[in-house]
Amino acid sequence: MKVNGIDVTTTPRPGQCLRTYLREHGNVEVKKGCDSGDCGACSVIVDGRVQHSCLVPAFRATGAEVTTVAGLVTAEETHPLQERFVGAGGFQCGFCTAGMIVTASTFDAADIDDLESSLKGNLCRCTGYRPIRAAIADAAPDATRDPRSAPAPAGPAITTGAERYTMDEIPTDAGHVAVLGSPHPHAVITAIDITRAQALPGVRAVLTHHDDPGVAFSTARHRERVDDPDDSRVFDTRLRFVGQRVAAVVADDLDTARRAVDLVDVTYEVLPAVFDPVQALSEGAPTVHGDKDGPASRIADPTRNLVADLYGEVGDVDGAVAHARTSGGAAVHGVWQTARVQHAHLETHGTVGSLDEDGRYIIRSSSQVPFLVRDELCHIFGLSPDRVRVYAPRIGGAFGAKQELITEDLVLLAVLRTGRPVVYEMTRTDQFTMAPCRHPMRVEVTAAADASGTLTALAIDVVSDAGAYGNHSPGVMFHGCSESMALYRCANKRVDAQCAYTNNLPSGAFRGYGLGQVVFGIESALDDLARELGVDPFDFRRRNVVVPGDDFVTWEVEESDLEFGSYGLDQCLDLAQEALAAGAADPARNGAELEGDPEWRIGSGMAPAMIATIPPRGHFADVRAELTVGGRYVVSVGTAEFGNGTTTVHTQIAADALGVRPESIVVRQGDTDVVTYDTGAFGSAGTVVAGAALQRACVDLRAAVVAAAHDNGIDADDPVAVGRATGGLSAAGRHGGTPRSVAFNVHAFRVAVHLPTGRVRILQSIQSADAGVVLNPAQCRGQVEGGATQAIGSALFEQMLLDDGVVTTRVFRNYHIPRLSDAPETEVYFADTYDRLGPSGAKSMSESPYNPVAPALANAIRDAIGVRVHELPMNPARVWAALHP
């Protein structure tokens, strides 16, 4: 075949698909997102026709002309579509972009007019699709309209396929890992025989619990190890969920490794299992970690299946509820349930491990937290930090999932055992069955207000399903119960919360970190309360939300350091309400064509949310800014880039502080070798922590440049002259993650509900955000749109289904993440504030857009049909059932 005009003559292996064939021949711009033809990341053109190369047997392309995204670049000129994707910001992580551009490059005018159909085979988890639609339709890109919206530095490389992700650079002699997962939700390994597997030609090692280093740890990564229970091992004899590692094979190639896995003989003693978190907390329930002698952390109690609990009350909630009911006020009570949700980042978890010439262990990983991974690997294997380097190239999406130690421990063990490079890349099914998901929660809410609409009581009772291991569960529970309650001024508040071990697959960090689940219950209940009182939902929030001068009642484990660095919630409420009113008069957004149709009902709803801009308990970043001898400005930052846009913002911050253009800045990032320490890219800390540290370093470097130029009689704006005269200059910056500010988001919807089927149609989607000074409006808008679209998915149709611990939604086609046709365009409005704690007045805005979406949508559905849906996702079956109790 010819690939991008070059002859490729190697004979494909029997059964090999075109995707792996192309990647083995250097065309790593062809990505793996699913291996089942669902996501389009591997799209190529075969003889003029777009194909998902994971579905094409390689031998069928014999004699064909194959074009990848790299082949669209001709005569050293990029394709116009590639340029438009850069200009419109049509990507975030960029993992889907190559396939998206390849597919769209074949479109004619009719295809462009019907993108919902013509682009249905290509998924994006990051953007919300609006900028993709704009790029394909050749709409004016944001980056050309607003000079503050500098395009992402990696844009040209991403759109041409040149950008390298974790699995795009594999050592030629690397061993490949396949894992045997437990077939039982709860069992003990009584015997394991690896003889047949070891005897298979090409097998380098078979790893089992006999190779476990004997150190308990948590897959969750935080700066403080005590934040998460040490209840995991690389390999364990007791298996607590279906899919847990039993054994792993390292072989010359992946096919051999997979065949060898089937030859591992295991004998199990099956144990009683528990799958419901409420039942798990009841007396007499099977204990998931009952084999442990004592607590796995300062909070967990495995004898009661308890990972963590939280109790606190101010005032007298029960008294306030009783008084409201007898004095002309109102009280409401209800129970809400959220679903188990997959992150569905298109790049699966993966790690490449090797030894360098100095004998150091090099871990190339798709991780949000390279420094935390390095430190925990050293803890597990008894290594000093100078023996291990962890670095993250560009990451293909994360959403909290890659704040975990999921593949790195197994790869390092395999490198230690074999002394050779090792690769472990999860499949899409592995992601669904072995990797952590979002915590399902049962949220019981009681709320009361007096006749004037003043909130007098607010109480929540939360039960969270940790799954088989406690990674992130304490923090998710504490955080979920914190800012969701602290948002409101109320004299009487109570929190009762528990997180339970079950024999389901583990839950972990997910965008919003527990707030989305708890906010769904609270804001739904408060909407009901406002209705009982006959108060407009916007006005009810205005009367009761915190304002500067109020104390935050947060139930933090330690004293909170939250402050009002700025306050824009009042503006957010106004902006959302005004946009909703404008939409009511617009036939394109008000469902005018449905007016008078008895099968449809139209309603609107809203919900606010508040989030701390930095995780608690310290979040540190060390950075370095340099002017080299050759006159280049180089900034070194530990924060990884996974579509969160920190590289773009860091480039802008550095350029502004140094007084140069963004293209003059070189950013080195996500590598434990480039700076001393960085807690990691989670909790939206890339801008407000690492960015603040970078700003300090660059301000100091600029002062040093000006002083050196003065001393040497040269122009301070001539970096080459200053660099040569001084032999280079540098400055360091640091931020400790405190004090912390708060950010606000308000979402509003207008929806139409089809009564015969329960189908929900979004007519208008609005989000207003208090992001402080918006450093890059196009990028920040993209974060809001992407977060809102992801939340719409989990609110309307995303749900992992389990049957006695067995995940039955194992591929994308059985798990519905939003497609372009599912994603409404969300109107985004920013409050005008300046945060005194953030760099240049900015706040974080990556996690928070997710949190108010589900309750706003639930409230709009309730407004339309007159009854409430209490469980996510609010799919047609659940809406119909609510209409027909």
So which of E483, H479, H472, E847 actually passes side-chain hydrogen bond (donor to acceptor under 3.5 Å, both in side chains) with Y513?
H472

Side chains of R340 and L802, heavy atoms from C-beta outward: is any pair under 4.5 Å?
yes

Under 3.5 Å donor-acceptor pairs involving side-chain atoms of residues 310-323, not counting sequence neighbours:
residue : atom : partner : partner atom : Å
Y311    : OH   : Q498    : NE2          : 3.3
E313    : OE2  : V317    : N            : 3.1
D316    : OD1  : D318    : N            : 3.4
D316    : OD1  : G319    : N            : 3.0
D318    : OD1  : R494    : NH1          : 3.4
D318    : OD1  : R494    : NH2          : 3.4
H323    : ND1  : S327    : OG           : 3.4

Is there a side-chain hydrogen bond (donor to acceptor under 3.5 Å, both in side chains) between D770 and T833 once you walk through the steps?
CA-CA 7 Å; D770 174 18; T833 66; 2.7 Å; yes

Check: F275 main-chain N/O paired with N504 side-chain donor or acceptor under 3.5 Å
yes

Enter the distance from L569:CG to L487:CG here, rounded to the nearest 0.5 Å.
6.5 Å

Nearest 0.5 Å please: distance from the CG atom of D111 over to the CG atom of L119.
10.0 Å

I'd like to know if R868 pairs up with D528 as an ion pair, taking the criterion as any Lys NZ or Arg NE/NH1/NH2 lying under 4.0 Å from an Asp or Glu carboxylate oxygen.
yes

With sequence neighbours left out, which residue pairs that include part of residues 873-885 fulfil the salt bridge (Lys or Arg N to Asp or Glu O under 4.0 Å) condition?
E871-R878

Determine whether a donor-acceptor pair (N or O, by modelled atom type, separation under 3.5 Å) exists between the side chain of D450 and the backbone of G329.
no

For T808 and D803, which I'm curious about, is there any donor-acceptor pair between the side chains at under 3.5 Å?
no

Minimum side-chain heavy-atom gap F749-I792 below 4.5 Å
yes

What closest approach, in Å, do V476 and G508 show between heavy atoms, and which atom pair accounts for it?
CG2-O, 4.1 Å

Indicate yes or no: at least one non-hydrogen side-chain atom of V332 is less than 4.5 angstrom from one of E532.
yes

Main-chain N/O of Y488 paired to K493 side chain as donor or acceptor, under 3.5 Å
yes

Do NZ/NE/NH1/NH2 and the carboxylate oxygens of D527 and R531 come within less than 4.0 Å?
yes

Separation between CZ of R750 and CG of N590, rounded to the nearest 0.5 Å
6.5 Å

With side chains defined as the heavy atoms from C-beta onward, is the minimum distance between L505 and T433 less than 4.5 Å?
no

Kindly indicate whether the side chain of Y829, heavy atoms from C-beta on, has any atom under 4.5 Å from the side chain of I766.
yes

Minimum heavy-atom separation for A466 and S473, please, with both atom names.
CB-OG, 3.1 Å

Evaluate side chain to side chain contact (heavy atoms under 4.5 Å, CB included) for N544 paired with L526, printing each intermediate quantity in order.
CA-CA 11 Å; N544 294 293; L526 293 183; over 6 Å; no

With no hydrogens and no angle check, just 3.5 Å: does a side-chain donor-acceptor pair link R759 and N875?
no

If you compare all heavy atoms of G516 against all heavy atoms of N851, which two are closest, and at what distance to 0.1 Å?
N-OD1, 3.3 Å

Stepwise side chain to side chain contact (heavy atoms under 4.5 Å, CB included) check, Q764 with E827:
CA-CA 8 Å; Q764 187 179 13; E827 302 168 34; 3.0 Å; yes

Tell me if a side-chain donor or acceptor on S484 pairs with a main-chain N or O of L515 at a distance below 3.5 Å.
no

Any donor-acceptor N/O pair, Q342 side chain to Q431 backbone, under 3.5 Å:
yes

Is the backbone of R819 close enough, under 3.5 Å, to the side chain of D822 for a donor and an acceptor to pair up by distance?
yes

R542 side chain to Q577 side chain, donor-acceptor N/O pair below 3.5 angstrom:
yes

Taking only residues two or more places apart in sequence or in another chain, which ones pass side chain to side chain contact (heavy atoms under 4.5 Å, CB included) with T326?
none

May I ask you to check whether F399 and Y850 place their ring centres under 6.0 Å from each other?
no

When you measure from the side chain of Q767 to the backbone of V746, do you find a donor-acceptor pair of N or O atoms at a distance under 3.5 Å?
no

Could you tell me if the ring centre of F510 sits under 6.0 Å from that of H439?
no

Parallel, tilted or perpendicular: ring planes of W880 versus H884, cut at 30 and 60 degrees:
parallel

Where at least one partner belongs to residues 597-613, residue pairs that pass side chain to side chain donor-acceptor pair (under 3.5 Å), sequence neighbours excluded:
E599-H754

Any idea which heavy atoms bring A769 and N745 closest together, and the distance?
CB-ND2, 3.6 Å

Sequence neighbours left out, what passes side chain to side chain contact (heavy atoms under 4.5 Å, CB included) with Q92? Give chain and number order.
C126, T127, Q783

Can you tell me how far CG of L883 sits from CD1 of I861, rounded to the nearest 0.5 angstrom?
10.0 Å

Any heavy-atom pair between the side chains of R428 and S36 that's under 4.5 Å?
no

For side chain to side chain contact (heavy atoms under 4.5 Å, CB included), just list the numbers for H747 and T826, CA-CA rounded to whole Å, side-chain angles, deciding distance to a tenth of an Å, and then say yes or no.
CA-CA 10 Å; H747 206 99; T826 294; 4.0 Å; yes

Please find the pair of heavy atoms, one from C437 and one from M800, that lie closest to each other, and give the distance.
CB-SD, 3.7 Å

Quick check: do I817 and Y815 have side-chain heavy atoms less than 4.5 Å from each other?
yes

If you measure from OH on Y129 to OG1 on T789, what distance do you get to the nearest 0.5 Å?
8.5 Å

dist M874:CE -> R862:CZ (nearest 0.5 Å) comes out at 13.5 Å

Can you label the angle between the F432 ring and the F812 ring as parallel, tilted or perpendicular, going by 30° and 60°?
perpendicular

If only atom types and distance count, is the side chain of R125 paired as donor or acceptor with the main-chain N or O of L346 below 3.5 Å?
no

Under the salt bridge (Lys or Arg N to Asp or Glu O under 4.0 Å) definition, can you give me all pairs with a residue in residues 497-526, not counting sequence neighbours?
E523-R541

Would you call E116-K120 a salt bridge at under 4.0 Å N-O?
no

So does P440 get a backbone contact from the side chain of D465, meaning a donor-acceptor N/O pair under 3.5 Å?
no

If we ignore hydrogens and angles and just use 3.5 Å, is the side chain of R133 paired with the main-chain N or O of E825 as donor and acceptor?
no

Decide yes or no on side chain to side chain contact (heavy atoms under 4.5 Å, CB included) for F552 and V546, but give the supporting numbers first.
CA-CA 8 Å; F552 294 114; V546 290; 4.3 Å; yes

Heavy-atom closest pair, residues P131 and G89:
CB-O, 3.4 Å

Side chains of L820 and L115, heavy atoms from C-beta outward: is any pair under 4.5 Å?
yes

